[in-house]
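Notes follow the structure.
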Amino acid sequence: MNEHSPSHIKETVMPLGACEPSEEQKDGAEIADTTCARAPIGLLAELTHRCPLQCPYCSNPVELERANTELTTEEWQSVMRQAAELGILQIHLSGGEPTARRDVVDIIKAASECGLYTNLITAAVLLKREQLEKLKEAGLDHVQISIQDTDARPENADRIGGYKGGSAKKKVVAGWVRELGLPLTINAPIHRHNVDNVAGIINYAVELGADRVEIAHVQYYAWALMNRASLMPTREQFNESAKIVEKAREDLKGIIVIDSVVPDYYAKYPKPCMGGWGRGIINITPSGRVLPCHASESITGLDFDNIRDKPLAEIWLNGDAFQKYRGTDWMKEPCRTCPRHEIDFGGCRCQAFALTGDAANTDPACSLSPLHEQWAKVADVESHNASPEFVYRRPGGASRKPGMQKSPATSEA
Amino acid sequence: MAEAAPRVRAIIEATTRPIMPPHIKLRHDASRGRWIILAPERLFDPDDVAVDVLKLCDGQRTVADIAEHLAKEYNAPANEITADIVEMLQDLADKGVVKT
């Protein structure tokens, strides 16, 4: 594994999924040093918070935004043009479920026309083949489909997602993606209800024709934090899954790329969350709030700008929320004098806030945090207790039972 | 695990005719004044040699053709260039950036 890349090309793993850094990034000699200092590289566009699935680890905030506050088609198209002018290279169209908006085609067309690389992050269950064809015509570059488990365990998958028939539908849509010649990534959030099937999930991704699979241990913010006692795997389960990933990377070299995300509570060093705050990534919520990361609204006291009020460039360069934890000047000990502080940037500000009450503290995911052992112990205890029922992700309040509606109505806006 | 896989690893040799699939974009990034490769959730930062090689990866030329072309351009021995290119393209093939 871990062989060095040939000297002619440096690889940067986009930090959106908080993936393990590439070898160059671990060395601190990443591309970001030369390209991200002034201009962001990626934009996560949450087109809507509506979603037919109700996954208990959803990365959306617990307070979901309502459909009647969403940006219009024209406003999103303007965002795309501004993003390209600002130097952004990749657009990740996400949600909620981005295809719950019929105008996703018009938004992708606008992005594609200004040279942006477009990635559709979808639960796939609402997609029709005809719509997928239109998305491809509009210039869509890549499709990422999330799964909850393999097609051999549909009951488990559908229970986790709170959507009956979801597993089977995802398989059909993945087939269409490949038939249309679009590249496919399978994203599998991993937790104690599917951690025993990591090998199966990787093979399923190969079977579906995916070029890439993300074995993404759940990150415990927002809904996932609320459901942590239900989702946290044991340290032994995590270690076993990591071994399976290592072996599969060898066995499937050249067949599928496997990216993995470690569960923070079992990490030695924190992930370089978002590649550093306000350094390479922008997130825009359905109503136009411009955030340094999708979870940053959980930090109280930050002031967020809205794209309806100010140009994107001005928000990126001068916005209060972006400036607050940009660079390393805000750091306290042990981060301030740590030799790794420009590798991992002290981890995740949102997690530091959620677990310590101060976003400027070291993320307790780091073994150098004075609180690390305490939180590792919480994970250990919770993961060995019986799993409480899920609190399903649902607008207007959490519920221990999945909702009855099959899917929300799609809308024009 | 490999036996369950319906696909095989692409091996780069002198006779291989490599090509970048349509979803991999080699673009000049005007705002940063350099070339960049856009891939799913990845960016690759190619140096001048890599850019020269990748521009010649059209699915028609073999690796040997590319090496010969660049040997003239760089005034360097083709066999050394071939070894260098094979290593680079194999790594890119394993990452899905180049197909055969």
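Just so you know, these numbers use all the heavy atoms, side chains as well, and skip hydrogens, waters and symmetry mates. Order of the sequence lines fixes the chain letters, A, B, ..., with proteins taken first and strands second; residue numbering starts at 1 for each chain.
- Contact count versus chain A (heavy atoms, under 4.5 Å) is highest, among B:Pro46, B:Ala30, B:Ala10, for B:Pro46.
- Residues of residues 47-59 of chain B lying under 4.5 angstrom from chain A, judged on non-hydrogen atoms, are B:Asp47, B:Val49, B:Ala50, B:Leu54 by number.
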message = If you apply the rule salt bridge (charged side-chain N to carboxylate O under 4.0 Å, His left out), what do you find for B:Glu68 with B:Arg61, and how did you get there?
response = CA-CA 10 Å; B:Glu68 194 183 329; B:Arg61 293 181 176 87; over 6 Å; no

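- Using a 4.5 Å cut-off between heavy atoms, B:Ile37 touches chain A through its side chain atoms alone.
- Heavy atoms of A:Gln144 lying under 4.5 Å from chain B belong exclusively to its side chain.
- A donor-acceptor pair is defined here as one N or O able to donate and one able to accept, closer than 3.5 Å; such a pair exists between the side chain of A:Arg178 and the backbone of A:Gly209.
- No more than 12 heavy atoms of other residues, nucleotides or ligands shown are found within 6.0 angstrom of NZ on A:Lys134.
- Listed for the A:Lys136 side chain is a donor-acceptor partner under 3.5 Å among the backbone atoms of A:Leu180.
- Ionic pairing of B:Lys95 and A:Asp211 is not present here: no N-O contact between side-chain nitrogen and carboxylate oxygen is shorter than 4.0 angstrom.
- Scanning all heavy atoms of the two residues, the minimum distance from A:Leu43 to A:Ala83 falls at CD2-CB, 4.2 Å.
- Looking only at distances, a side-chain donor or acceptor of A:Arg279 sits under 3.5 Å from a matching main-chain atom of A:Gly275.
- Test A:Leu120, A:Leu184, A:Leu135 against A:Val177 for side-chain contact (heavy atoms from CB on, under 4.5 Å) and you get one pass: A:Leu184.
- Only the backbone of A:Leu116 comes within contact range of chain B, judged by heavy atoms closer than 4.5 Å.
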